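Bear in mind that the values here come from a model prediction, so they are computed numbers and not experimental data.
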Amino acid sequence: MKKFFTAAAMAAILFGMNHRAEACSRVNYHGADSTFVIARCLDWKTPIPTNLYVYPRGIDKVSDNKPGAIHWTSKYGAVYAVSYDGGITEGMNEKGLVVNGLFCKGSVYSNENTEGRPPMSLAVFVAWLLDLNETTDQCVEVLQKHDFNIGGATFDGGTVSALHWGITDASGKSVIVEFDNGEIKINDMGDYWAMTNDPQWPSMAAILNYWEGVGGVNMLPGTVKSPDRCVRANFFAHHVEATDDPDLAVNIARSVLVNSCVPYTYLIQGEPNVSSTQWRSYADIKHRRYFFDIVTNFGIYYVDLNQCLLNPGSPILKLDTSKETNLMGDATKAFKAHPGFNPMW
């Protein structure tokens with residue numbers, strides 16, 4: 001990474017120091033022999049019930065319930081993490097493409113130029129990308145057309161779903177997608193191996209560059225604020241063993257991520273928006289295994305997409321995480337046939 005320290009970097013650092021702790025961290029673990037694990041935590045001030053679904057190929061879908069919505073038929077099967085049983089937070093498809101949504105307070109999706117475009121609900125935006133694309137570059141090409149107007153329902157008592165997304169494919173190529181006053185900004189992550197929340201990526205990259213110059217062996221920022229978590233995750237992701245052992249790779253990625261999580265029920269006096277980690281996921285891209293780790297459960301479990309029927313006509317499968325609280329290891333057979341979730345448009 002480039003090492004530089006400018007007034008802009010200092011401004012970004014001060015912004016980060018004074019910004020409230022919000023939600024979520026994402027780590028790109030680069031192992032050996034094309035081993036990549038995308039580890040993320042979902043942090044929020046209250047529990048966000050999240051169920052897992054496996055959707056096969058060949059399902060007709062729609063981007064919204066408003067007139068003029070986009071219609072598509074899924075080319076690839078995928079596993080989705082569906083929060084509140086109504087909106088896809090993240091997922092991985094059978095080609096190893098991973099898309100994760102993280103909170104980003106500065107996101108503004110629309111402007112006067114986007115208002116007349118086909119509506120795209122946040123509830124299915126991740127599915128749209130995973131269903132039709134195999135690589136990060138294909139997603140970028142689709143997104144750069146920007147022939148849609150994205151938006152969605154509020155949640156948790158009126159909270160706006162302000163998000164940005166990390167996208168990684170089987171080659172390890174990663175980008176961060178952000179909406180800035182209605183304009184899509186796509187940032188190549190390059191040698192940055194972590195993302196969190198605010199500030200938006202150009203300012204966050206300046207913070208990471210500053211701390212790269214400081215070095216992390218003797219000192220790293222230790223608070224739960226978004227920039228501090230990003231700095232820690234990025235440093236450790238670059239300084240752990242690169243293995244091709246799939247189980248060890250997931251566990252290394254898990255240990256890096258946990259170092260940037262917020263302890264469950266952690267509170268700061270006078271700071272109501274501190275968010276503690278609710279669940280974590282680990283997408284083993286090479287082996288197509290998606291792990292789920294709810295912090296109030298004792299075990300971590302996974303679904304193996306290689307063992308799922310994904311051909312057209314196969315059933316949609318669901319794992320109700322509120323009922324399956326004692327799972328550990330391979331949970332593929334615990335998924336049950338289901339009609340599918342109802343999007344919160």
Side-chain angles (χ1 to χ4, degrees), residues 24 26 28 36 38 40 55 61-64 66 68-81 87-152 160-190 192 194-205 283 285 343 345:
C24 311
R26 184 182 194 259
N28 296 15
F36 300 102
I38 305 303
R40 74 82 52 89
Y55 272 67
K61 301 181 183 180
V62 64
S63 65
D64 210 311
K66 299 183 179 70
I70 299 168
H71 291 256
W72 75 92
T73 301
S74 56
K75 292 172 58 178
Y76 305 114
V79 55
Y80 310 139
I88 302 174
T89 302
E90 65 175 32
M92 176 174 68
N93 72 15
E94 60 181 300
K95 296 298 183 179
L97 181 69
V98 177
V99 181
N100 310 88
L102 282 71
F103 192 83
C104 184
K105 191 175 182 179
S107 297
V108 178
Y109 300 124
S110 302
N111 59 30
E112 60 182 11
N113 296 320
T114 69
E115 291 300 328
R117 298 173 187 173
M120 170 65 68
S121 172
L122 289 166
V124 296
F125 179 62
V126 169
W128 181 59
L129 293 175
L130 292 175
D131 289 356
L132 299 176
N133 299 287
E134 181 175 349
T135 67
T136 299
D137 285 341
Q138 288 173 355
C139 289
V140 169
E141 183 179 356
V142 167
L143 291 168
Q144 284 178 332
K145 296 176 183 177
H146 201 177
D147 51 1
F148 58 88
N149 186 38
I150 195 168
V160 176
S161 298
L163 303 171
H164 60 174
W165 291 267
I167 301 176
T168 304
D169 64 19
S171 74
K173 182 169 184 178
S174 298
V175 298
I176 295 174
V177 178
E178 297 182 328
F179 284 77
D180 184 2
N181 293 308
E183 298 296 326
I184 294 180
K185 303 293 178 66
I186 298 174
N187 307 277
D188 191 327
M189 290 192 72
Y192 301 105
M195 64 179 287
T196 52
N197 314 109
D198 301 304
Q200 290 185 310
W201 187 248
S203 295
M204 185 70 84
I285 291 177
W345 302 115

Is there a donor-acceptor pair closer than 3.5 Å between any side-chain N or O of T136 and the backbone N or O of K173? yes
Enter the distance from N113:CG to E183:CD here, rounded to the nearest 0.5 Å. 7.0 Å
Could you verify whether a donor N or O on one side chain and an acceptor N or O on the other, from D169 and S171, lie under 3.5 Å apart? yes
Got a donor-acceptor contact below 3.5 angstrom from the Y109 side chain to the L163 backbone? yes
Under 4.0 Å between a side-chain nitrogen and a carboxylate oxygen: does that hold for K66 and D64? yes
Under 3.5 Å, is there a donor-acceptor pair between the side chain of S63 and the main chain of P119? yes
Parallel, tilted or perpendicular for Y80 and Y55, by the 30°/60° rule? tilted
Can you tell me if CD on E115 sees more than 12 non-hydrogen neighbours from other groups inside 6.0 Å? yes
What one should report as the nearest heavy-atom pair of V177 and H164 is O-CB, 3.2 Å
Between S174 and N28, what is the shortest heavy-atom contact and its length? OG-ND2, 2.8 Å
Mind listing the closest non-hydrogen atom pair of W72 and V62 along with its distance? CZ3-C, 3.6 Å
For the backbone of G106 and the side chain of D198, can you confirm whether one donor and one acceptor N or O come within less than 3.5 Å of each other? yes
Beyond-backbone contact of I176 with R26, side-chain heavy atoms, under 4.5 angstrom: no
Is N93 reaching over with its side chain to a backbone N or O of N133, donor-acceptor style, under 3.5 angstrom? yes
Output yes when a side-chain donor or acceptor of E94 lies under 3.5 Å from a complementary backbone atom of G77, and no otherwise. yes
Do you see a donor-acceptor pair shorter than 3.5 Å between the side chains of N149 and T114? yes
Output yes when a side-chain donor or acceptor of Q200 lies under 3.5 Å from a complementary backbone atom of D180, and no otherwise. no
Any donor-acceptor N or O pair under 3.5 Å, side chains T89, R40: no
Non-hydrogen atoms of C104 and E178 that approach each other most closely: SG-OE2, 4.3 Å
